[in-house]
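See structure below.
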Amino acid sequence: VQLQASGGGLGQAGGSLRLSCAASGRTFSNFDMGWIRQAPGKEREFVAAVSWNGGSTYYADSVNGRFTISRVNAKNTVLLQMNSLKPEDTAVYYCAANFRRKIDPLDNDYWGQGTLVTVSS
C-alpha cells in the first residue's frame, strides 16, 4: 500500500485544518487506517484511527472532541478534520495502515511520508 498524505500547513490556535491520506496498491477496505504524529524532540504518538470497516474510531485523549477521522472507501481516502487547534498540535502527521489490526504509534504495516502541521498561538 502506498500512502500519500496532504493538507498540512500553518493554522492558528482555535482554527481548523484537514488532512487527507490517499491510498493505492491494495484493497483499501481491508486496512485499518490512522494518523500518528511526532512533535519536535518528542516520540511518535497515536492521534486517531478508524477500523477497516469504518465501524470503530479511536482517538487520543489529547484530541478527542476536537479531531474527527473518517474514511471514504470508494475514494481510497482517509481524512482527519482538526478543529480547535492548539499550539501543542504542532507536529509532523503520518498516515498509517494495518491489515485488519489496530493502528500503533510505532508498529504499522505501511506509512505515508508525513505532512507538517504548525499551529501558531
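Because the structure is a prediction, the values reported are computed rather than measured.
By the neighbour-count criterion of 12 heavy atoms within 6.0 Å, atom CD of Glu88 is densely surrounded, having more than that number from other residues, nucleotides or ligands. No more than 12 heavy atoms of other residues, nucleotides or ligands sit less than 6.0 Å from atom CZ of Arg18.
A donor and an acceptor atom, one from each side chain of Arg44 and Gln38, are located under 3.5 Å apart.
When all heavy atoms of Ser20 and Thr77 are compared, the closest pair comes out as OG-CG2, 3.5 Å. Between Thr115 and Gly8, the shortest heavy-atom contact is OG1-N, 3.2 Å. In terms of heavy atoms, Ser84 sits closest to Arg66 at O-NH1, 2.9 Å. Between Ala48 and Leu80, the closest heavy-atom pair is CB-CD1, 4.0 Å. Between Ala91 and Leu116, the shortest heavy-atom distance links the atoms O-CD1, 3.6 Å.
Rounded to the nearest 0.5 Å, atoms CE (Met82) and OG1 (Thr68) are 11.0 Å apart. Between the OG atom in Ser6 and the OH atom in Tyr93 there is a gap of 15.0 Å [rounded to 0.5 Å]. With rounding to the nearest 0.5 angstrom, the OG atom of Ser29 is 7.5 Å from the CZ atom of Arg100. For the atom pair CZ (Phe99) and CG (Asn30), the distance works out to 4.5 Å, reported to the nearest 0.5 Å. Between Asp32 atom CG and Arg71 atom CZ the span is 7.0 Å, to the nearest 0.5 Å. Taken from CG in Asp107 to CG in Asn98, the straight-line distance is 6.5 Å, to the nearest 0.5 Å.
When the side chains of ILVMFWY residues are joined at heavy-atom separations under 4.5 Å, either directly or via intervening members, Phe67 and Val78 end up in a single hydrophobic cluster. Val63 and Val117 fall within a single hydrophobic cluster, where Ile, Leu, Val, Met, Phe, Trp and Tyr are joined by side-chain heavy atoms under 4.5 Å apart, directly or via other members. Cluster annotation: Leu85 is connected to Val47 through the hydrophobic network of ILVMFWY side chains, with a link wherever side-chain heavy atoms come within less than 4.5 Å. Val72 and Leu19 are not part of a single hydrophobic cluster, where members link through side-chain heavy atoms under 4.5 Å apart.
Gln113 places no side-chain N or O within 3.5 Å of a backbone atom of Gln4 that could act as its donor or acceptor partner. The main-chain N or O of Ser51 is never found under 3.5 Å from a side-chain atom of Tyr58 such that the two would form a donor-acceptor pair.
By the 4.5 Å heavy-atom criterion applied to side chains, Trp35 and Cys95 are counted as neighbours. Side-chain contact between Ile36 and Asn108 is present, with heavy atoms from C-beta onward closer than 4.5 Å. Contact of the Asp109 side chain with the Arg101 side chain is registered, since non-hydrogen atoms from C-beta on lie closer than 4.5 Å. By the 4.5 Å heavy-atom criterion applied to side chains, Arg37 and Ser62 are counted as neighbours. Using a 4.5 Å heavy-atom threshold, the side chains of Met33 and Phe28 count as touching. Between Tyr94 and Leu3 the shortest side-chain heavy-atom distance does not fall below 4.5 Å.
Scanning for side chain to side chain donor-acceptor pair (under 3.5 Å) contacts around Ser120 gives an empty result, with sequence neighbours left out.
Below 30°, between 30° and 60°, or above 60°: for Phe31 and Tyr110 the angle between ring planes is above 60°, a perpendicular geometry.
Other residues sharing a hydrophobic cluster with Leu10 under the 4.5 Å side-chain heavy-atom criterion for ILVMFWY residues do not exist; the residue is a singleton.
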